[in-house]
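Here the structure is laid out as structure tokens; the discussion comes afterwards.
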Amino acid sequence: MMRTVVLCSGGIDSATLAYKVAAERQLDRLVSFDYGQRHRRELEHAALIAERLETRHDVINIAGLGRFLSSSALISGGAEPVPDGHYAEDNMKATVVPNRNAILLSIAFGIAAGAKADAVGIAVHGGDHFIYPDCRPAFVDAFRAMQACALEGMWEVELYAPFIGTDKAGIVREGLRLGVPYELTWSCYKGGEKHCGRCGTCVERREAFHLAGAPDPTQYEDPDYWIEAIRKMKTA
């Protein structure tokens, strides 16, 4: 079985990937990153997922890097506020953290090679393609080729990205099949006591459960905003 290190942010996508790996491969550990993001809620929820799966959870502190990535609204002290609305809107480009997946994957591949693991799993998915360049198939293919050169003659590590052609609703359906405890996951970019219901990732989360035909266990400050956001996006 493929021993797989899974990048876990504590959200729907990475939690589903963690459960998929635990069911179909051998889950080596979850790896999360403190990169200077606005809040630590996602790290707390990644820890809850690791605890439920009874697996190791490593949090890598690269927070000092965050001050160099402050153009993103997701970085603590960033220049822009977290925007509200649907992911398809142009203002969501403010949530792009420059080169994030390339940085995080490079570290994860080093961890996997050091642990003699067989793969690194990342939960990039089809819904991310139009806004995040480091979530697209071309990036995944290029990173695979780069890492094959970087570890040549040392250790082979696969980049496992099973959701690259799947949308968020498809991930939710897969997670329901696997028994993912979605009430333990966190998506909101704003990091309040509840999910805000208005930021891009809250809108996407709410929409995904709706399209999957499944009840959403999430508590939102504004549970109905997603309907307005989708209507606005479709008529823009």
Side-chain angles (χ1 to χ4, degrees), residues 5-17 31-38 42 46 60 62-63 65-112 119-151 157-171 187-190 199-205 207-208 229-230 233-234 236:
V5 173
V6 172
L7 293 182
C8 185
S9 69
I12 284 176
D13 311 327
S14 59
T16 303
L17 178 59
V31 174
S32 304
F33 291 87
D34 179 350
Y35 58 87
Q37 54 267 60
R38 279 183 177 269
E42 63 182 46
I60 311 301
I62 55 171
L65 181 62
R67 66 189 181 92
F68 298 104
L69 306 175
S70 58
S71 61
S72 173
L74 301 192
I75 299 296
S76 177
E80 299 186 57
V82 174
D84 293 340
H86 194 277
Y87 260 136
E89 297 183 36
D90 283 344
N91 65 341
M92 289 301 153
K93 292 178 181 178
T95 65
V96 175
V97 180
N99 222 34
R100 177 173 58 181
N101 281 346
I103 294 166
L104 305 189
L105 280 171
S106 292
I107 295 171
F109 265 75
I111 292 170
V120 170
I122 187 169
V124 294
H125 64 85
D128 288 333
H129 295 174
F130 55 84
I131 186 169
Y132 299 123
D134 57 358
C135 293
R136 296 171 186 161
F139 168 81
V140 170
D141 291 342
F143 196 90
R144 284 186 177 125
M146 182 274 290
Q147 278 299 150
C149 294
L151 293 174
V157 180
E158 174 200 15
L159 178 53
Y160 180 54
F163 303 143
I164 194 70
T166 306
D167 63 13
K168 193 96 167 185
I171 291 174
S187 298
C188 183
Y189 284 154
K190 297 183 182 180
C199 69
T201 190
C202 277
V203 170
E204 183 190 42
R205 181 185 179 109
E207 181 185 25
I230 291 172
M233 179 269 295
K234 288 182 176 180

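Under the 4.5 Å side-chain criterion, counting only non-hydrogen atoms from C-beta, Y189 is in contact with V82. Side-chain contact between D141 and F143: absent, with no pair of heavy atoms (C-beta onward) separated by less than 4.5 Å.
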Which donor-acceptor pairs under 3.5 Å do the side chains of residues 101-109 make with protein atoms, sequence neighbours left out?
{"from": "N101", "atom 1": "ND2", "to": "D134", "atom 2": "O", "distance (Å)": "2.9"}
{"from": "S106", "atom 1": "OG", "to": "A102", "atom 2": "O", "distance (Å)": "2.8"}

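Distance check, rounded to the nearest 0.5 Å: CZ of R144 to CZ of F139 gives 11.0 Å. Note that the CZ atom of R100 and the CD1 atom of I62 stand 10.5 Å from one another [nearest 0.5 Å]. If you take CD on Q37 and CZ on F33, they are separated by 10.5 Å, rounding to the nearest 0.5 Å.
Closest approach of C8 to S32, counting heavy atoms only: O-OG, 2.6 Å. Across C202 and C188, no two heavy atoms sit closer than the pair SG-CB, 3.6 Å.
By the side chain to side chain donor-acceptor pair (under 3.5 Å) test, E207 is found to be paired with H86, residues two or more places apart in sequence or in another chain being considered. For the side chain to side chain donor-acceptor pair (under 3.5 Å) test, no residue two or more places apart in sequence or in another chain qualifies with T166. In terms of the side chain to side chain contact (heavy atoms under 4.5 Å, CB included) criterion, A145 has no residue partners (sequence neighbours excluded). In this structure, the side chain to side chain contact (heavy atoms under 4.5 Å, CB included) partners of A112, at least two apart in sequence or on a different chain, are V5, A117, V120, V157. For D34, the side chain to side chain donor-acceptor pair (under 3.5 Å) partners are R40, not counting sequence neighbours.
Not a single donor-acceptor pair under 3.5 Å links the side chain of S14 to the backbone N or O of A123.
Taking 4.0 Å as the cut-off between side-chain N and carboxylate O, R205 and D13 do not count as a salt-bridged pair.
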